Amino acid sequence: MSNALKTRYDVAVIGAGPAGLAAAAVTARAGLETIVLDENPSPGGQVYRAVTTTPLHATTVPGDDYRRGLDLVGELERSGAQLVSTAMVWSVSRELEIGISRNGSAQLLSARRIVLATGALERPFPVPGWTLPGVMTVGAAQTLLKSSGLVPRGSVVLAGLGPLLWLYAAQLLDAGASINAILETTPRRNLLSAVPYAPAFLLSPYFSKGLALLSRVRRRVRILRGATRIAALGDGQIQAVRFEAGGREMRLPVDNLLLHQGVAPNVNLAMSIGVEHRWDALQLCWRPIADEFGTTSIPGIAVAGDGAGICGAWAAEQRGRLAGLRIVNELAGGRVVEAPSEQSLRQSLRRWQLGRGFLDRLYQPAAQFRVPEDDAVIVCRCEEVTAGQIRHAVRIGCEGPNQLKSFLRCGMGPCQGRLCGLTVTELMAAERRVAPQAVGYYRLRPPVKPITLAELASLPQGDAAVSAVVRQ
Amino acid sequence: MFTRLPAVDDTSVSLSIDGKPIEARPGDSVAAALLAAGFHHCRTSAVSGALRAPYCMMGVCFDCLVIIDGVGNRQSCLVPVHEGMRVELQRGKRTPVA
Amino acid sequence: MTHTADAIVIGAGIHGCSTALHLALRGVKALVIEKDYAGRHASGVNAGGVRQLARHLAEVPLSVASMEIWERIRDIVDDDCGFEAHGQVLIAESETELDGFRTRVDDLRLRGFRHEELLDRTQLRHIVPAAAEHCVGGIVSRRDGAANPFRTTQAFRRKAIALGARFLEGVSVINLRRQGRAWRLETTHGSFEAANVVNAAGAWADHITAQVGEPVPLQVIAPMLMITAPMPSFVTPVVILRGRKLSFKQFANGTVLIGGGHLGRPFRNENRTELDWHKLSESTGTVAELFPIMAGSTIVRAWAGIEARMPDDIPVIGPSHTSEGIFHQFGFSAHGFQLGPGVGALMAELITTGATNVPIEPFRIQRFSEPQHSEHSQSGRQEPMN
C-alpha cells in the first residue's frame, strides 16, 4: 500500500494503531499532506493487529471490538493520507527529521509536525526462567492467534493480572484450545485501594465487558489466586512452572507459559528525541509530559494514544483526533474539518477514562514481580544482566541507569531498555531508597531500531539540502 | 507447540528454515511460521549461548532475531514470509555474509 | 561560608580525575567541582583508544609517559579499567601514504621513539587479516590498545577520593575571582577558595579562561561513534586511517565500534548532541571498503560526545599566562583519553614543584595570540581521532 516517499510532509504520524490512524485521518481530511509510518506489514497497531489480514473474521474468536480496527483503516484510506507499512523508523530528531528503512534501504524525510503514536508494550515480568523458550507474553500469544490463527498446545498456563489476560483466555477457549491453569497474581490489598473507584467503574463501558469475560473463563479454567514466587523451570526450554498459592508450593508441567501484568507506554522513541517524561506513581511507568492535545516539551512533536499514558483503544482514538485537530488549527487554521468537535471528543474521552482509576489500582502489579527478590533473575534480557549484578553496582556507587550501562552493559543491547527499563528504574530506586523519578531512565540514542551498515550506506546524499529545513 | 486453527485454510507459502522446507500462511510473520513449524527456539544468545525464542511478537524484545536471506539480526516477528525465503537460526555472534 | 581547599579542579573528566588523584598522591587533597557527574561527557563516551600511534609530534613524549602509567593502571587505581593492549594499526591505503608513513617512522626513531613500526603488505595482513586488498601496509604500535572510558574515569575518581580528594558533582562554577593570594570560586552550591585552580572543564573550559582574561579559540565539537551487534571475532588490534576518517575496534563480546571523527552538532548548554546521518552514512562506506566483512553488520546505536577542539588540534596544558595559581588542562581535540593518566601526573608535578619532566611548551595557552601561531596550525591537521 505504499508508493514512493517524498522527502517532506506536513504531518508524519508514527504508528498505525487506533491513535495514529485517527490522527492521520483528521489531518489528511483537512488537506494536510499526511504520511503514516508503521513497521508492521499491515495497519492496526497491537490492539487491532492484522485486522485487515486475519484468518479469523469468519469466526467469533476475536470479538466485536476487534472489528473497530477495520473502520479506522477504512477511514484512513478514504482520508487521503499515505500509509507506509514495513517502514522501520530508526530516528527522529528535534528538527523533525525522520530516518526510516524499508526493503533494505534507508532515507530521511521531514515533516512540519510529528505525531508519535507508538502505543504500549507489555510490562516486563522478570521471574526466574522468563527467558526460556516456551515462555512468552500473553500479547504475543494473542498476536499469533489474530495474525496467524495459531493456538498454543499442550499444557498452557497463564500467569499475571490485567484485562488482557482474561480477554485472551476467553479468546483461546472460544477457539477450542484448553488452558491448564491461570495463576492470578493480583495482590489482595489492591482491592481495598480500588474499591473507592468502583462506582465510576460500574458506569464505564469496561464493566459489563469485563464481568462477562471473567465469568466465562472462571467457569472453564482452574484459577489459582494470589500466586507468588513464580518461577519457570527447564533446561533450554520450559518444562514446568513452580509457584506458591493458597499457602503451599505447587508445580505444574508446562509447554507454554504466558505472562502478562499490564501494559506501559512504549516511550522509546519519545525518550530518544528528548521529550520530557515523568514517573506515574499509579501506573508505575514513565509517561511523556503532555497536554490533552498531546503537545510535548518538544515543539512540533505530539504524542497520542497509549504512548502518552495507558488509556485503552477507544480513548486512544479520541486522543489521536484531538492531536490531529490541534495540528489542523496550527497549520490550516480556519479550514473546515470533518471530525468530531473538540467538545464531543473530550466527553467521549471522559467516558472511557471512567473506570481507569479502578482498573489501575486493582491491577497494579505486585512489587515482587516488578523488582525481583531473587538476585539470579535476569533483568536485562539482551545482555543477561541479573538483579544481583545491578544491586551490586548500586552499592558501589552507580546512581542511575546510564552509569549502569557503562559498568554492566545493562541496557546496551538492541532493545535499548524496552524490556528492562522499568525494572531497572524501580530496582535502583528500591536499592537507593529514593523515588523512581530521582533515578531516571536510560538516555536513549538512535538508531532506536537496528539498521544494517548497507542500509545506512544507502542513504541518498541528495537529502543533505533537505536536512537544512527551517521548522515552521 | 502451536497449532493452526481450522479457520486457516491457506498455507501455500514455501520457505526453508535451517534447510528444512516448511509451509506457511501468506501474511504469517517469520516468527509465526517458525513456531508453527515446531521450532522451539530461533537463536542462541551471543552473550551466553542460551537458547532464545520469540517473546513479545511485537518488535520490542529482540529475542526473535534470525538470519533472513543472508541478512542477520532480523526481527522475525516483523517480517512477513515470502515464497522461497531462506531462514537460518542465528547462532551466537554469527555474522551475515551479505 | 567559604570553604577552602588545597587545590580546586574544575571538571571531573579523565583529566580532572587524574589530576586530583596525582595531587592526592603528593599529599594535596583537591576539591573537584563537576557540573554533571564524573565521566558524563567526552571522557565517558569516547572510543576508549589507548593510543600512542600517529600522535602529533608535540604530544609524543606525553603519550609515551602516559603509556607507562597505563601499563601499571591496576596498581594505581585498583582497577584494570578494561585496558587490553592488542596494538593499534594505522593502515596505508596507497603507496604514497605508505611512503609518508615510512618518513614518519624514521623521523620518530631519530628522535628516540621506537613505539611505531612500519608494516609492509604481508606484515599488515599478518596482524589484520581482514583488511581489504587495496591496503598496502601501515604502522603498528604494539603496546597500544583500548580501555573502558567511563570505567577508567570512575576508577580515577574513586581512588582520588580514597586518598583524600573531594568531589562535588552536580555543581557548576559561576565565576572565578582573585581573593588575596587565593582564588575564590562562586558556584551553584556555595563559595570555595584555593591557591591553585586547575581548569579541566573540557568543552566548557573557555568559560573559565574568559574569567581570568585569557580567551581562547576553543571550538565545541561532537565526534560521532557507532556500535554494531556482536559479530564473530575478525580483527584484533584497533585500526585507524589517516587519509579518511575512521577508527575501528572490535570488543571481546564481538561488537564493533566505529569512530573516526565525523562531527555531529553539539548543544553544549543543553548537554546534548544531534547526529548527522549523512556523515555517518559516509563512514559506513569507508568501513565497508576497508573491511568487506562489515557489509552485513547491524548498527545498534550511535552517539556523540561533547568535546573541545583547538585550532591546531593539540591541547592546552600548562600555567595560565595571566594569572598565578591557575593551570589549564583542556582542549584535547578528540584524542585526550590516553593522555589522561600522564597529563594528570604532569599537572600535579607542575603545581607542586613548578616544573615538569616532559616538555609542555607546545601546549602553552598564549600560543593563540602569538604571531607565529599559524605555523603550528598546519602540522596537526590530519590527526586521526581517538
Side-chain angles (χ1 to χ4, degrees), chain A residues 39-42 46 49-50 53-59 61 86 88 104 119 121-122 130-137 139-145 147-154 175-177 236-237 255-256 259 266 268 381-384 409 413-416 418-419 449-450 452-454, chain B residues 1-11 24-65 68-75 77-82 95-96 98:
Chain A
E39 66 183 357
N40 284 292
S42 61
Q46 299 314 314
R49 182 83 177 258
T53 61
T54 182
L56 302 178
H57 274 310
T59 73
V61 173
T86 59
M88 192 85 86
L121 39 65
E122 287 175 270
W130 71 306
T131 55
L132 282 170
V135 180
M136 60 168 59
T137 63
Q142 195 194 42
T143 291
L144 286 166
L145 174 65
S147 31
S148 301
L150 288 167
V151 293
R153 65 158 186 260
Q237 190 182 328
D255 296 298
N256 290 287
L259 305 174
N266 185 352
N268 187 275
R381 291 173 62 108
C382 296
E383 298 292 324
E384 303 184 45
R409 289 199 56 81
C415 100
Q416 290 201 336
R418 288 170 179 89
L419 274 255
K449 284 275 178 138
T452 66
L453 209 83
Chain B
M1 263 196 320
F2 279 83
T3 45
R4 297 273 187 188
L5 292 175
V8 178
D9 52 11
D10 174 10
T11 51
R25 179 181 177 266
D28 270 354
S29 62
V30 172
L34 188 127
L35 291 168
F39 285 85
H40 292 164
H41 67 271
C42 63
R43 72 182 185 100
T44 65
S45 147
V47 178
S48 72
L51 299 179
R52 292 291 183 97
Y55 176 79
C56 77
M57 288 299 298
M58 61 170 282
V60 296
C61 76
F62 292 82
D63 260 319
C64 66
L65 303 180
I68 297 177
D69 292 333
V71 180
N73 296 305
R74 303 292 309 274
Q75 291 179 283
C77 69
L78 294 175
V79 180
V81 296
H82 67 70
T95 200

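Below, chain A is the first sequence line, B the second, and so on; all start at residue 1. Since the structure is predicted, the reported quantities are computational estimates derived from the model, not experimental observations.
When heavy atoms are compared at a cutoff of 4.5 Å, A/Asn266 approaches chain B solely by way of its side chain, counted from C-beta outward. With a 4.5 Å cut-off on non-hydrogen atoms, A/Thr54 touches chain B through its backbone but not through its side chain. When heavy atoms are compared at a cutoff of 4.5 Å, A/Ser147 approaches chain B solely by way of its backbone atoms N, CA, C and O. Neither the backbone nor the side chain of A/Arg409 comes within less than 4.5 Å of any heavy atom in chain B. For B/Arg4, the parts sitting under 4.5 Å from any heavy atom of chain A are the backbone and the side chain alike. The contact between A/Leu144 and chain B is made entirely by side chain atoms (from C-beta outward), counting heavy-atom distances below 4.5 Å. For a residue to count as touching a neighbouring chain, one of its non-hydrogen atoms must lie under 4.5 Å from one of that chain's; by this rule A/Leu453 does not touch chain B.
Note on residues 25-64 of chain B: pairs passing ring pair (Phe, Tyr, Trp, His ring centres under 6.0 Å), not counting sequence neighbours, are A/Trp130-B/Tyr55.
Interface remark: of the candidates B/Asp10, B/Leu65, B/Val8, B/Val8 forms the most heavy-atom pairs closer than 4.5 Å to chain A. Heavy-atom pairs under 4.5 Å with chain B were tallied for A/Leu419, A/Asn40, A/Leu132, A/Asp255; the largest tally goes to A/Leu419.
In this structure the side chain of B/Cys56 never reaches within 4.5 angstrom of the side chain of A/Glu122, judged on heavy atoms.
With sequence neighbours left out, the side-chain contact (heavy atoms from CB on, under 4.5 Å) criterion links B/Pro80 to A/Pro41.
Across B/Ala32 and A/Ser148, no two heavy atoms sit closer than the pair CB-OG, 3.4 Å. When all heavy atoms are compared, the tightest approach of B/Met58 to A/Glu39 is O-OE2, 3.8 Å.
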